Colleague: 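The structure's right below; bear with me while I get my questions together.
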Amino acid sequence: LEAGACARPALGGDCGGVPEAVADGETGLLVSGTDAEELARAIRLLVSRPDERQRLGRAGRARIETRFAWDQAARRAGSAGRRRGRLPSVLQVVLSLAPGGTERLVIEIARRVATEARAAVGRLDERGAWAGELEAAGIEVFTLARRPGFRPRRGLELADLATRWGADALHCHQFTPFVYGAFAARVRSRLRLVYTEHGRLSTDPASPRRRAAYRLFARLPGRFFAVSRDLASNLVADGWPARRLSVVHNGIAPGERPTAADRARARLALGLGASDFVVGTVARLDPVKDLGTLAAAFDAFRRTRPGTALA
């Protein structure tokens with residue numbers, strides 16, 4: 001998505017939700033997510049065809065603006081707690097507000113639906129570096145200070161917090177906040193429950209305990225989302241009822257279209273020359289992101305192409 005916002009072609013692995021974000025041959029190129037040599041060949045192809053880079057980049061920018069802008073994702077997910085006759089009060093429930101894709105979506109929902117809902121955020125764990133951004137926007141941030149391990153009492157505390165704040169709905173992000181939110185919704189039957197699953201750290205099938213939880217909690221009234229069709233199919237395979245699951249893709253704030261002057265300033269800030277070829281990536285430094293494959297592909301590529309940079 002970031003590549004498209006910058007009007008640059010995207011290179012992505014053909015797994016997970018990536019093929020839903022990158023249209024192969026239209027906005028970028030899809031390659032095997034674990035084959036460094038194939039990725040290196042794709043980089044060489046783009047280097048040798050500047051007109052193709054421009055075409056893919058323009059199409060990527062247009063696709064971001066029409067399908068993946070934050071306003072669309074935030075409004076669609078945020079409207080799930082809406083009630084007729086007045087603005088609903090929606091408490092977003094997350095593990096923390098440390099930088100990440102899930103946390104960015106939570107912030108954007110809270111900020112962008114301000115005219116349609118009253119919002120606050122409840123954290124189960126650490127405060128996180130992004131909590132201040134919400135507080136600066138006048139959005140309350142609460143902490144439940146969960147200890148390691150499953151603590152059913154936290155569900156009761158979440159129910160009490162929702163009552164004190166006047167929440168109409170809990171929008172729970174990821175499985176653990178959803179479990180506590182489901183407990184809270186059982187205790188406070190008027191609470192509407194919304195669950196968004198953002199991803200999985202493993203491709204292994206769900207544990208028997210999680211499968212049982214899916215069967216139990218999917219019966220509760222509410223709205224349930226996954227951020228990609230691939231993730232939705234995995235949840236269904238693990239026992240979640242398909243009829244009770246919708247897809248809302250993540251989004252991005254495209255900003256203004258970058259100009260030549262914008263690109264020149266960015267290169268200067270990074271210490272890059274005007275003719276240097278740059279391969280960029282946006283990801284947290286976590287093994288699940290498999291940045292090692294990208295590093296290996298770039299190493300193979302730069303042996304034949306001096307004056308290149310990985311950022």
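What you see is a predicted model, and the numbers here were worked out from it, not measured in a lab. Values below: every heavy atom of this structure, side chains too, minus hydrogens, waters and symmetry copies.
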Colleague: Quick one: side chain to side chain contact (heavy atoms under 4.5 Å, CB included) partners of L220, sequence neighbours excluded?
Modeller: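 In terms of side chain to side chain contact (heavy atoms under 4.5 Å, CB included), with neighbours along the sequence ignored, L220 is linked to A182, R186, L193, F217.
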Colleague: Taking side chain as C-beta onward, heavy atoms only, is V121 less than 4.5 Å from L91?
Modeller: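 A side-chain contact is absent here, since even the closest heavy-atom pair is not under 4.5 Å.
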Colleague: Using the rule that Ile, Leu, Val, Met, Phe, Trp and Tyr join whenever any side-chain heavy atoms are under 4.5 Å apart, tell me whether V18 and V31 fall into a single cluster.
Modeller: no
Colleague: Would you say that more than 12 heavy atoms from the other residues, nucleotides or ligands in this model lie under 6.0 Å from the CZ of R153, or not?
Modeller: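 No, CZ of R153 has 12 or fewer neighbouring heavy atoms, counting only those of other groups under 6.0 Å.
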Colleague: Can you find a pair of side-chain heavy atoms, one from R263 and one from R8, that are under 4.5 Å apart?
Modeller: yes
Colleague: We want to know whether T163 and R188 form a side-chain donor-acceptor pair, criterion being a heavy-atom distance below 3.5 angstrom.
Modeller: yes
Colleague: Look only at the side chain of R118 and the backbone of P88, and say whether a donor-acceptor pair between them is shorter than 3.5 Å.
Modeller: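 It does not hold such a pair.
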Colleague: Taking side chain to side chain contact (heavy atoms under 4.5 Å, CB included) as the definition, give me every residue that meets it alongside R44, ordered by chain and number, with sequence neighbours left out.
Modeller: A40, R41, A300, F301, T304
Colleague: Less than 3.5 Å apart, which donor and acceptor atoms pair up between the side chains of residues 253-260 and the rest of the protein, not counting sequence neighbours?
Modeller:
residue	atom	partner	partner atom	Å
R257	NE	E65	OE2	3.3
R257	NH2	E65	OE1	3.0
T259	OG1	A261	N	3.4
T259	OG1	D262	N	3.1
T259	OG1	D262	OD2	3.1

Colleague: Might you point out which heavy atoms bring H173 and I109 nearest each other, and give the distance in Å?
Modeller: CE1-CD1, 4.2 Å
Colleague: State whether a side-chain donor-acceptor pair under 3.5 Å links H249 with S228.
Modeller: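 The answer is no; no qualifying pair exists.
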Colleague: Identify each donor-acceptor pair in which a side-chain atom of residues 136-144 lies under 3.5 Å from a protein atom, sequence neighbours left out, and give them as a table.
Modeller:
residue	atom	partner	partner atom	Å
E140	OE1	W165	NE1	3.1
T143	OG1	R123	NH1	3.0
T143	OG1	R123	NH2	2.1

Colleague: Under 6.0 Å between ring centres: does that hold for F183 and F178?
Modeller: no
Colleague: With a 4.0 Å cut-off, would you call R55 and E26 a salt bridge?
Modeller: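 Looking at E26 together with R55, the answer is no, because their closest N to O distance does not fall below 4.0 Å.
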Colleague: Mind checking side chain to side chain contact (heavy atoms under 4.5 Å, CB included) for P19 and listing every partner two or more places apart, or none if nothing turns up?
Modeller: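 If we apply the side chain to side chain contact (heavy atoms under 4.5 Å, CB included) test to P19, skipping adjacent residues, the hits are L30.
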Colleague: Who are the side chain to side chain contact (heavy atoms under 4.5 Å, CB included) partners of S207, not counting sequence neighbours?
Modeller: R209, R210
Colleague: Do the non-hydrogen side-chain atoms of L124 and T176 ever get within less than 4.5 Å of each other?
Modeller: yes
